[in-house]
Amino acid sequence: MKSYTFKGLLTENGWLENITVSVDEKGIITNIAETESVNSEIVNGFALPGFQNAHSHAFQYAMAGLAEMHQTGQTADDFWSWRTTMYNLALTISPDDFEAIASMLYAEMVQNGYTDVAEFHYLHHNKTGVPYSNLAEMGERLMRAAEKTGIHLTLVPIFYQKGGFGTAATEKQKRFISPDFEAYQELVKASEKVATNYKNTKIGLGIHSLRAVDEESIKKIATFLQANQPMHIHVSEQLKEIEDCLDFYGKRPVEWLLDTVDLNDNWHLVHATHLNSHELNGIAKHKANVVLCPSTEGNLGDGIFRLTEFQKQNGNWSIGTDSHISINPFEELRLLDYGQRLISHKRNTFVTDNSGNSGFNAIKMAWKSGRKAMGKSNDTFFKIGEPFDAVVIDSKLPLIQATKTEHLCNTIVYTGHSSSILGTIINGDWKAKHGKHLALDHIIKDYKKTMEVLAVRL
Ligand SMILES: [Zn+2]
């Protein structure tokens, strides 16, 4: 049993000041009160709910920043050329490499205030494309990385069957492939079994994209979904994908989904960048979620999601770091907002009927849908009976120190950076403090060794 006293704790209704949170030995919140308990740790900080990272491909962290040599006078560098670089990397990674890269990445996430991650995982098989004897070998390496770093993991084993609409998988995709729905079911079952050994892991379901899985299998997987289990899918990220889908199905991707499956609030449509109004309205009407990854979408030149219109219909959205070109939730929220401001010439992106407090609304909206992306149903930031997960902002920073609580969330979201974070608490324990994960030295050692062996960055 321990307790922390904060200068402020953010609730869905605003700040509580000088508040003490007590937790039991498992890190579950037992009490939230204004009175300080005798042995309470006094924290010079403001606690926000931990950020939810709703979309990650851990191995891509190893190539962050390496696809930026753009030469003039040659074929345009775009998403598809970036993908070739990514495939080449995917072919080289061993289970040990995977664990080392994911551990480094998840430590970075925790340092940056993420307490949960949904891993969109499709690097399933060995380098020759043969399944490991433990079908969930690579998934288990992600679970180990999550355990080392303390982050809550929702592992989403991805169903990846084909190379494109109606075309077979290519040689470079051989590590991703489940040939049919039954093979995918086996993979999910193996992942669920292994996950019982890891206290921080849940299992979701996912389809890589409409181009990567056939119609019958998509229908089957949609019915296989259990209550509260999240279902993730990449959709409408690239214009070429829309054209290919129109050619193959005679419909746009989200239009096809709306007509074919029971799209509901378990579904998390990743990117959903290019939507017509019918699709945009359909997602909102069915209460499905979109997962926006502004730094990756910007980096890949995807386009800008129609967030302002989506929000007018109370659409649900979360954020993800996807390719990990950035691992900073403040940057994701700002990029998301500024993209809308730049095209609308207005500044009120995150405004709701009840509140014009942008930073607060952004935190609340991303958190609520982010929790669902993890397969977690609680909708209260800090609740007795739930794990205590928080990112704590340093109250001694000059800007924060001079700010009254009314402007605090906006100051944090619009000016915040990694060093604004005093630390991150997961399951009631500090996991990172003053920008450093508590297990960082060990994690960095393994990561450096892996990067030397892979030799992609050095
Ligand atoms: Zn992705």
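All values below were derived from every heavy atom in this structure, side-chain atoms included, with hydrogens, water molecules and symmetry-related copies excluded. Order of appearance sets the numbers: ligands from 1, and atoms from 1 within every ligand.
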Mind reading off the angle at the Zn ion (ligand 1) between the NE2 atom of His57 and the NE2 atom of His55, rounded to 10°?
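It comes to 100°.
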Report the name of the N/O/S atom of His234 located nearest to the Zn ion (ligand 1).
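Relative to the Zn ion (ligand 1), the closest nitrogen, oxygen or sulfur of His234 carries the name NE2.
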Which N/O/S atom belongs to Asp322 and is the closest one to the Zn ion (ligand 1)?
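Output for this pair reads OD1.
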Salt bridge (Lys or Arg N to Asp or Glu O under 4.0 Å) pairs touching residues 437-458, sequence neighbours excluded, are Lys436-Asp441
So with a 6.0 Å cut-off around NZ of Lys287, is the heavy-atom count from everything else above 12?
no
Indicate yes or no: does Lys251 engage Asp259 in a salt bridge with an N to O separation below 4.0 Å.
yes
Show every ring pair (Phe, Tyr, Trp, His ring centres under 6.0 Å) that has at least one partner inside residues 192-219, sequence neighbours left out.
Tyr122-His208, Tyr160-His208, His208-His234
